[in-house]
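We count ligands from 1, going down the list as the structure has it; atoms in each ligand are counted the same way. These numbers were taken from a predicted model, which means no experiment stands behind them.
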Amino acid sequence: MRIVHKVSELHTELAEWRSRRETVALVPTMGNLHGGHLSLVERARQLGECVAVSVFVNPLQFGPNEDFQRYPRTLEADAKLLREAGADLLFAPAVSDVYPAGYPPATTVRVGGALTEILDGHFRPGHFEGVATVVNILFNLVRPDVAVFGEKDWQQLQVVRRMVADLGMPLRIAGAQTLRDADGLALSSRNQYLNPRERALAPRLYAALAAIGEGLRAGRRDFEALCAEQWAALESAGFRPQYLEVRAPDLGVPQADAAAFAILAAAHLGTTRLIDNLQIRVDGPA
Ligand code: PAF
């Protein structure tokens, strides 16, 4: 696996792949890789002949009071894991490589409408603009045939899909299933902020989503009441929920006669903000 930091080095490597007409799969990450990321690499290996992984903690998608400074940076360990996972290229640029004309950039990409105003968009103003902008830049730099994103960030996946559709970007976006610890907690780099007591409580977030899913499967369609019950359960366990909602899989308003639903949550536990979602079908197994 090659490790490159500069865009010129990236282009040299990509030119070699392209001269062999090999398809390129990109996995954009912010590093501090865990099993969830490695499953994205595995998916990328199924979808492309060459797998490039970017590791870049993008300042543009963090709010002023968020964890940009303390976000774990573990490039050496990341490189080892990626090598073992069979990635071909690790692109780990600096802020000045991604934003060469100066930071913050004068040009950003904003996916408009409710999609970026609800849920995380409401609680993290500017976040999805930061994500769409950096993803757009990474697509321009790597020009992948396919890019793989985790379904754990369900709203991010919808935002990226919408951007690609709106702008006619010539690549395919693939989602990869959320990986969970045995107790249900979705794998996330932020889990390491949890102290042992919080780590023991954390799976209750997924349990709340699962309980709502069971209610939907049992035929309940009182979405607000279903969520309010689990909101109260989370609060009494010590969470400070920000949202807990049933939506359509595309994050539109859920319809009572729909065959599929997305249940999404964000909650603080101590100083850690956890997000999770559950996609369910009510006409068969999820
Ligand atoms: O999901 C992430 O890790 C980031 O939001 C992404 C897609 C790498 C953009 O910085």
(message) For Phe149, give me all partners under ring pair (Phe, Tyr, Trp, His ring centres under 6.0 Å), at least two apart in sequence or on another chain.
(response) none
(request) Output all residues satisfying side chain to side chain donor-acceptor pair (under 3.5 Å) with Tyr103, sequence neighbours left out; order by chain, then residue number. (result) none
Quick check on ligand 1: any N or O pairs to the protein under 3.5 Å? One line per pair.
residue	atom	partner	partner atom	Å
ligand 1	1 (O)	Gln156	NE2	2.8
ligand 1	5 (O)	Gln61	NE2	2.9
ligand 1	5 (O)	Gln156	OE1	2.7
ligand 1	10 (O)	Gln61	OE1	2.6

(message) Please determine whether a side-chain nitrogen of the Lys or Arg among Arg220 and Glu229 lies less than 4.0 Å from a carboxylate oxygen of the Asp or Glu.
(response) yes
(message) Please determine whether a side-chain nitrogen of the Lys or Arg among Asp67 and Arg273 lies less than 4.0 Å from a carboxylate oxygen of the Asp or Glu.
(response) no
(request) Each residue besides Leu187 in its hydrophobic cluster should be listed here, by chain and number; the cluster joins Ile, Leu, Val, Met, Phe, Trp and Tyr at side-chain heavy-atom distances under 4.5 Å. (result) Leu179
(request) Check whether any side-chain heavy atom of Asn277 lies under 4.5 Å from a side-chain heavy atom of Glu151, and answer yes or no. (result) no
